[in-house]
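For ligands, and for the atoms within them, numbers begin at 1 and follow the listed sequence.
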Amino acid sequence: MRSVEEALDTILASAHLTGVERLPLDRCVGRVPATFTLTAAMDVPPFANSAMDGFALRAADAPGTLRLAGEVAAGDAELPEVTPRTTVRIMTGAPLPPGADAVVPLEEAEESDGQVRVPATRPGAHVREAGHDTRAGEAVELPRDPLTPAAVAVLASLGVAELEVRRRPRVAILSTGDELRSPGEQLRPGQIYDANSPALAAAVIEAGGEPVVLPRAPDAPAVVERLVREGVKRADLLVASGGVSVGRHDHVRDAIEHLGRLDFWRIAVQPGKPLAFGSVAERMVIGLPGNPVSALVTFELFGRPLLRAMLGLSGSGRPVLPVTLVDRLPKDRDRRAYLRVRVERGPDGPVARSAGGQQSSQLRSMADANALLIVPEGEEAGEPGRTYQALLLGAMG
Ligand code: AMP
Ligand code: MG
């Protein structure tokens with residue numbers, strides 16, 4: 001059995017960057033820039049302007065009473081000159097008129113009969129210098145993350161109308177199992193609804209990928225093989241679920257071995273011991289365990305970092321933080337456990353409580369969990385009062 005790190009290293013070593021596409025800026029939020037360093041083509045702001053509604057003047061003329069000699073609004077191009085002992089009414093964002101070197105805010109000045117009384121000020125007061133946010137020619141480093149609304153704003157302020165972003169990794173999703181039906185269909189005895197296709201498609205979208213949901217495969221080797229071949233043609237990566245264990249009807253692992261190369265098929269992780277990884281037709285193939293909790297947890301641990309690597313990002317993009325466990329949570333001694341917990345703020349730091357049943361068929365606790373508590377190999381349980389690392393999946397309550 002491989003450790004989580006060994007398995008992840010093997011998987012990430014196979015990752016290749018996806019291609020790029022050019023998008024209008026207003027469609028770029030959440031997307032990953034193809035390059036993270038830009039050279040600013042202009043100063044932002046492009047000209048010195050007022051930070052306040054007020055009066056533009058020469059600082060050397062204040063304090064005193066100045067003659068009101070004009071007005072300048074945001075967007076004005078024709079600017080009145082500020083000569084000695086005069087002032088010009090100015091709006092926030094309006095260019096600083098020639099001659100002026102400071103702005104006195106409206107509320108600090110007294111205006112009557114074309115005269116304005118101003119208190120003492122200093123050169124540069126309430127003035128935004130040209131380039132005070134970004135200088136022309138400066139290297140602008142974007143965070144190595146999906147673009148946020150603020151990053152979109154920075155790009156817009158620099159005049160960027162279109163951006164090259166990484167193409168979303170296409171992920172073919174294949175559920176296997178004779179017992180599975182789609183939600184909306186009538187269940188016969190022995191059948192259950194396919195939770196993994198919708199769940200993994202959702203997890204792929206959340207990780208920045210684009211799911212391609214394949215028709216479901218029955219537990220028939222020839223059909224599994226046909227769909228695996230179809231999947232790797234239509235996507236950058238195939239994620240199958242079910243059929244990777246040692247049962248008589250577990251055909252996914254055989255299909256990978258038969259059609260391509262199987263790198264490993266067991267990981268010392270709970271939930272999710274049987275996890276097959278390999279390649280078919282030079283596309284990566286991951287066979288996740290069938291239990292929906294195991295499928296989601298292993299996608300979180302291996303699929304999500306893989307998709308991020310394909311986008312040029314590192315890590316899982318999830319915060320990991322130390323938490324104190326409240327409950328006792330038994331686990332398998334040989335495997336590292338990722339237990340479903342709710343992390344909340346406590347008086348002495350974050351505390352974790354069980355989110356419910358920890359069997360891999362108990363899906364509800366997965367939806368109720370906002371974190372996975374990491375209990376190392378070699379331990380029999382998560383113990384109350386001890387501190388563990390928690391992988392945060394959602395906001396802390
Ligand atoms: P398997 O890995 O195929 O042996 O499946 C393990 C367990 O997960 C069995 O109880 C399956 O019925 C269940 N299972 C497998 N695939 C799915 C799925 N797509 N949705 C819900 N349950 C599943
Ligand atoms: Mg099965």
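Looking only at protein heavy atoms, the nearest one to atom 20 (N) of ligand 1 is Ala195 N, 2.9 Å. Looking at atom 4 (O) of ligand 1, its nearest protein heavy atom turns out to be Asp250 OD1, 3.9 Å. For atom 16 (N) of ligand 1, the nearest non-hydrogen atom of the protein is Gly290 O, 3.4 Å. When only non-hydrogen protein atoms are considered, atom 18 (C) of ligand 1 lies nearest to Asn196 ND2, 3.4 Å.
Taking a 6.0 Å sphere around CZ of Arg328, one finds it holds more than 12 heavy atoms contributed by other residues, nucleotides or ligands. For Arg85, the CZ atom sits in a packed shell: over 12 heavy atoms of surrounding residues, nucleotides or ligands are nearer than 6.0 Å.
A salt bridge (Lys or Arg N to Asp or Glu O under 4.0 Å) with Glu379 holds for exactly one of Arg335, Arg386, Lys331; it is Arg386.
Residues in residues 130-156 take part in these side chain to side chain donor-acceptor pair (under 3.5 Å) pairs, two or more places apart or across chains: Thr37-Glu141.
Neither the backbone nor the side chain of Val244 comes within 4.0 Å of ligand 1, counting heavy atoms alone. When heavy-atom distances to ligand 1 are checked against a 4.0 Å cut-off, Ser245 has no atom that comes that close, whether in backbone or side chain.
Close N/O approach between Ile192 and ligand 1 is not found [any backbone or side-chain N/O within under 3.5 Å]. Residue Asn291 has at least one nitrogen or oxygen atom sitting less than 3.5 Å from a nitrogen or oxygen atom of ligand 1, judged on distance alone. Taking any N or O of Pro289, backbone or side chain, none lies under 3.5 Å from an N or O belonging to ligand 1.
Close approach to Tyr193 involves these atoms of ligand 1, each under 4.0 Å from a residue heavy atom: 20 (N), 21 (C). Using a 4.0 Å cut-off to heavy atoms of Pro292, the atoms of ligand 1 that qualify are 21 (C), 22 (N). Close contacts between ligand 1 and Glu179 involve ligand atoms 11 (C), 12 (O) [criterion: under 4.0 Å to a heavy atom]. Ligand 1 places these atoms under 4.0 Å from at least one heavy atom of Asp194: 18 (C), 19 (N), 20 (N).
When the heavy atoms of Ser361, Ser197, Gly243, Gly190 are ranked by distance to atom 1 (P) of ligand 1, first place goes to Gly243.
A donor-acceptor distance shorter than 3.5 angstrom exists from the side chain of Arg31 to the backbone of Arg166, with no hydrogens or angles considered. In terms of modelled atom types and a separation under 3.5 Å, the side chain of Asn49 and the main chain of Ala94 share no donor-acceptor contact.
In this structure, a donor-acceptor pair under 3.5 Å is present between the side chains of Thr10 and Arg2.
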Donor-acceptor pairs are to be reported for all side-chain atoms of residues 191-203 against protein atoms at under 3.5 Å, with residues two or more places apart or in another chain.
residue: Gln191; atom: OE1; partner: Arg188; partner atom: N; Å: 2.7
residue: Tyr193; atom: OH; partner: Glu185; partner atom: O; Å: 2.9
residue: Asp194; atom: OD1; partner: Ser175; partner atom: OG; Å: 3.1
residue: Asp194; atom: OD1; partner: Asn196; partner atom: N; Å: 3.0
residue: Asp194; atom: OD1; partner: Ser197; partner atom: N; Å: 3.0
residue: Asp194; atom: OD2; partner: Ser175; partner atom: OG; Å: 3.3
residue: Asp194; atom: OD2; partner: Ser197; partner atom: OG; Å: 2.9
residue: Asp194; atom: OD2; partner: Arg216; partner atom: NH1; Å: 3.3
residue: Asn196; atom: ND2; partner: Ser241; partner atom: OG; Å: 3.1
residue: Asn196; atom: ND2; partner: Gly290; partner atom: O; Å: 2.7
residue: Ser197; atom: OG; partner: Ser175; partner atom: OG; Å: 2.8

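In this structure, the side chains of Leu301 and Leu391 come closer than 4.5 Å at one or more pairs of heavy atoms.
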